[in-house]
Amino acid sequence: MPAAVGKSLRAATVLSVAVLSVLVCLLLGSVHRLGSGHAHPEEELASLRAALSQRLAQRRQEILPLLSPGRDEEPFSAWESFLRDELTRGPAARAPLGCGALRDAQPLEVLGSGYTKLVVKVTLAGGEPVALKMVNENGIDMGKCVEGFKDLHGCRQLVSSKISKEVVLLHRLRHPNVIKLRGHCVGDAGGRVTVILEQGTPLQMLRLLQSPWEDRFRVCLDLVRLLHFLSRSPLGSVALLDFQPRQFVMVSGELKLTDLDDASVAATPCGRHADCFLQFPHRNFTLACSSRGLCEGLNEKMNIYNAYRYFFTYLLPHQAPPGLTHLVERIMNATGELKADINETLDAFEHILQLYQSGLHLDKLPTSALRDYNVTRGMTTSGDEDYRCWPSYSQQGCVLSVHSATEAAHICNSHSQCTSFTLTGQKTWAGRPLATFRSSFSFLVPDQTSEVYVKKSTAV
Ligand SMILES: Nc1ncnc2c1ncn2[C@@H]1O[C@H](COP(=O)(O)OP(=O)(O)O)[C@@H](O)[C@H]1O
Ligand SMILES: *[C@@H]1O[C@H](CO)[C@@H](O)[C@H](O)[C@H]1NC(C)=O
Ligand SMILES: *[C@@H]1O[C@H](CO)[C@@H](O)[C@H](O)[C@H]1NC(C)=O
Ligand SMILES: *[C@@H]1O[C@H](CO)[C@@H](O)[C@H](O)[C@H]1NC(C)=O
Ligand SMILES: *[C@@H]1O[C@H](CO)[C@@H](O)[C@H](O)[C@H]1NC(C)=O
Ligand SMILES: [Mg+2]
């Protein structure tokens with residue numbers, strides 16, 4: 001793990017310990033005050049209960065403005081039916097799943113858990129695999145609440161209200177890079193909310209660090225597309241307050257945001273520029289205070305810097321194609337210094353994608369390299385002797401994505417073991433063909449989709 005990750009992890013741990021101890025002190029203080037104010041334990045419990053209901057009411061109040069326009073006039077108790085109405089509206093809408101869908105669901109395994117929620121993998125009665133999100137009974141949120149309020153049912157409701165907020169946000173912020181909401185179920189008297197989601201796999205940063213640049217670039221591009229959407233979402237500009245890789249999952253190679261309960265749509269009021277202060281562990285920024293008395297682009301900028309520090313620094317520069325490194329460095333600098341807004345950042349990413357897909361970044365590659373090879377179309381090889389390269393798409397051999405046979409010939413020439421390569425019919429997400437490089441093979445076998453290139457100097 002890079003030193004910077006270790007450092008920020010340590011910083012985060014120190015911070016959370018500090019926050020926790022402050023909370024514990026506050027809590028002990030308030031329990032103490034309550035104890036001295038109320039002679040009877042029943043009174044104490046009653047006042048705790050009142051405090052908990054007040055918290056719950058506050059949480060619900062936060063959800064109302066997130067519902068469709070006009071709906072926020074209506075009582076909270078109706079939010080669930082609004083959602084049901086909305087989810088079923090529109091020609092292409094798939095029927096949302098409800099409690100009924102969960103009746104015969106088979107829980108398979110735990111996919112992940114956090115402070116608030118537990119996520120399990122299940123297969124619905126019809127065979128559809130989904131992820132269920134619910135209150136994490138052993139999580140920090142439940143633990144702190146039960147310790148403070150001594151009311152298991154009430155705390156489940158309070159923690160569930162975070163999940164309700166997430167359901168509303170997932171519904172209103174639909175985007176290809178936000179996890180798909182399949183439905184939800186509200187159990188016993190609002191005590192438990194279960195969310196039914198498209199199933200993904202938790203983002204594994206360490207594995208991603210070892211994968212080809214093309215796949216790492218895709219994660220960053222997906223993230224930027226998401227942030228572009230969030231900056232002008234139906235709810236306004238959304239900031240992700242808890243922006244960390246663990247709030248995302250992968251679904252068939254695509255990055256999707258799954259933890260939305262810490263999303264904020266609030267604008268930051270200001271009187272002068274100094275009020276628009278953005279603080280990060282290694283960097284501070286002061287943004288402009290607009291004439292309308294709001295910090296300009298604060299949510300957007302906060303997201304961009306977090307994308308830079310949690311994703312780009314680890315995923316983007318390392319092993320970038322030589323023809324693209326100057327563009328990647330420009331993005332790193334512009335996002336790390338908050339010099340570009342999300343529109344400019346997205347444009348820069350899409351430009352790199354376009355160059356990469358069209359092979360324009362390879363313009364200086366001489367095509368003469370291909371003259372060293374004898375090509376046989378409609379064939380592939382058998383009895384291969386493979387060698388390994390990095391970062392290969394296959395564990396056993398050397399499989400890389402290329403733009404063309406010419407690029408593959410250059411790669412083969414640069415590997416001392418390489419004597420032939422095959423362009424397979426397979427393509428990466430970016431539409432680039434996969435090439436298999438090898439040191440030798442026994443014979444050719446027919447394969448409509450493949451072409452075998454054998455180095456002339458070594459062919460016998
Ligand atoms: N749809 C999903 N598919 C697979 N894993 C998921 C899915 N949603 C969440 N997870 C995993 O569950 C963990 C907890 O979910 P999250 O919403 O982040 O809860 P919390 O608010 O407690 O952090 C995530 O870190 C992620 O690894
Ligand atoms: C950021 O601001 C805080 C608070 O003013 C300050 O203590 C810290 O040293 C600053 N950090 C950097 C890297 O400038
Ligand atoms: C951006 O570039 C400037 C000037 O080259 C340099 O001083 C700065 O450290 C760079 N910032 C980042 C975040 O890369
Ligand atoms: C970003 O682009 C959108 C249109 O896609 C435009 O409405 C918006 O004003 C742009 N934002 C900035 C800061 O230029
Ligand atoms: C190239 O292939 C052709 C036919 O496939 C063969 O006749 C020729 O000898 C090959 N040349 C070399 C140098 O391998
Ligand atoms: Mg989370």
Side-chain angles (χ1 to χ4, degrees), residues 2 4 7-9 11-12 14-16 18 110-120 131-144 159-160 162-167 169-170 173 177-179 193 195 197 200-205 220 223 226 238-250 255-264 272-287 298 301-318 320 325-340 344-345 348:
K7 227 185 267 166
S8 58
L9 275 183
V14 170
L15 185 69
S16 51
V110 171
L111 283 165
S113 64
Y115 277 31
T116 314
K117 291 159 273 171
L118 173 73
V119 180
V120 295
L132 298 187
K133 245 192 210 186
M134 56 196 84
V135 170
N136 183 358
E137 299 278 338
N138 302 313
I140 303 223
D141 257 355
M142 268 304 272
K144 274 199 297 207
V159 176
S160 278
K162 272 198 183 177
I163 302 184
S164 303
K165 177 182 170 191
E166 189 166 76
V167 171
L169 287 171
L170 285 169
L173 299 176
N177 299 111
V178 172
I179 200 82
V193 178
V195 192
L197 298 170
T201 48
L203 194 62
Q204 290 174 286
M205 229 29 192
C220 297
L223 184 60
L226 172 69
V238 177
L240 303 177
L241 300 183
D242 187 9
F243 195 120
Q244 296 203 49
R246 64 167 180 266
Q247 318 303 9
F248 296 83
V249 295
M250 301 294 290
L255 183 76
K256 304 216 180 198
L257 176 63
T258 176
D259 189 346
L260 267 170
D261 64 21
D262 278 318
S264 162
R272 57 211 173 99
H273 297 330
D275 296 335
C276 301
F277 191 62
L278 262 185
Q279 199 177 333
F280 296 100
H282 300 290
R283 204 55 216 272
N284 296 327
F285 299 94
T286 304
L287 304 181
L298 186 114
K301 292 265 158 81
M302 192 192 288
N303 288 342
I304 294 178
Y305 192 76
N306 277 324
Y308 165 81
R309 73 183 181 121
Y310 285 114
F311 287 83
F312 302 166
T313 49
Y314 301 115
L315 301 179
L316 209 49
H318 179 55
T325 49
H326 65 292
L327 294 176
V328 168
E329 271 163 27
R330 215 181 285 162
I331 286 184
M332 295 303 289
N333 198 281
T335 54
E337 303 280 340
L338 285 185
K339 285 189 291 208
E344 292 162 335
T345 306

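Numbering of ligands and ligand atoms starts at 1, following listing order. Along the sequence shown, residues carry numbers from 1.
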| How would you list, by chain and number, every residue that makes a salt bridge (charged side-chain N to carboxylate O under 4.0 Å, His left out) with Glu337, sequence neighbours excluded? | Arg283
| message | To check you understand the geometry: which heavy-atom pair defines the closest contact between Leu118 and Asn136, and what is its length? | response | N-CB, 3.7 Å
| query | What part of Phe312 sits under 4.0 Å from ligand 3 if we count only heavy atoms: the side chain, the backbone, both or neither? | reply | neither
| field | Minimal non-hydrogen separation, Ser164 against Val193, with atom names | value | OG-CG2, 3.6 Å
| field | Whether Phe248 and Phe311 hold their rings parallel, tilted or perpendicular, with breakpoints at 30° and 60° | value | perpendicular
| message | Restricting to non-hydrogen atoms, name the atom on Met332 and the atom on Tyr308 that form the minimum distance, rounded to 0.1 Å. | response | O-CE1, 3.4 Å
| remark: Total protein N/O/S atoms sitting under 2.8 Å from the Mg ion (ligand 6), waters ignored, is 2
| query | Which atoms of ligand 3 have any heavy atom of Glu337 under 4.0 Å away? | reply | 1 (C), 8 (C), 9 (O), 10 (C), 11 (N), 12 (C), 13 (C)
| request: Would you confirm whether Lys133, through its side chain, and Thr258, through its main-chain N or O, come within 3.5 Å as a donor-acceptor pair? | output: yes
| Looking at Tyr308, which atoms of ligand 3 are within less than 4.0 Å of one of its heavy atoms? | 13 (C)
| field | Exercise: identify the closest heavy-atom pair between Ala263 and Lys165 | value | O-NZ, 3.4 Å
| With distance as the sole test, does Asp261 use its side chain to make a donor-acceptor pair with the main-chain N or O of Glu166 at under 3.5 Å? | no
| task | Run the salt-bridge test on Lys117 and Asp259 with the 4.0 Å N-O cut-off and return the result as yes or no. | result | yes
| field | Distance-minimising heavy-atom pair for Pro202 and Leu111 | value | CG-O, 3.3 Å
| So which protein residues pack against ligand 2 under 4.0 Å, heavy atoms counted? | Phe277, Gln279, His282, Arg283, Asn284
| Sequence-distant partners of Lys301, salt bridge (charged side-chain N to carboxylate O under 4.0 Å, His left out), two or more places apart | none
| field | Lys339, any N or O under 3.5 Å of ligand 3 N or O | value | no
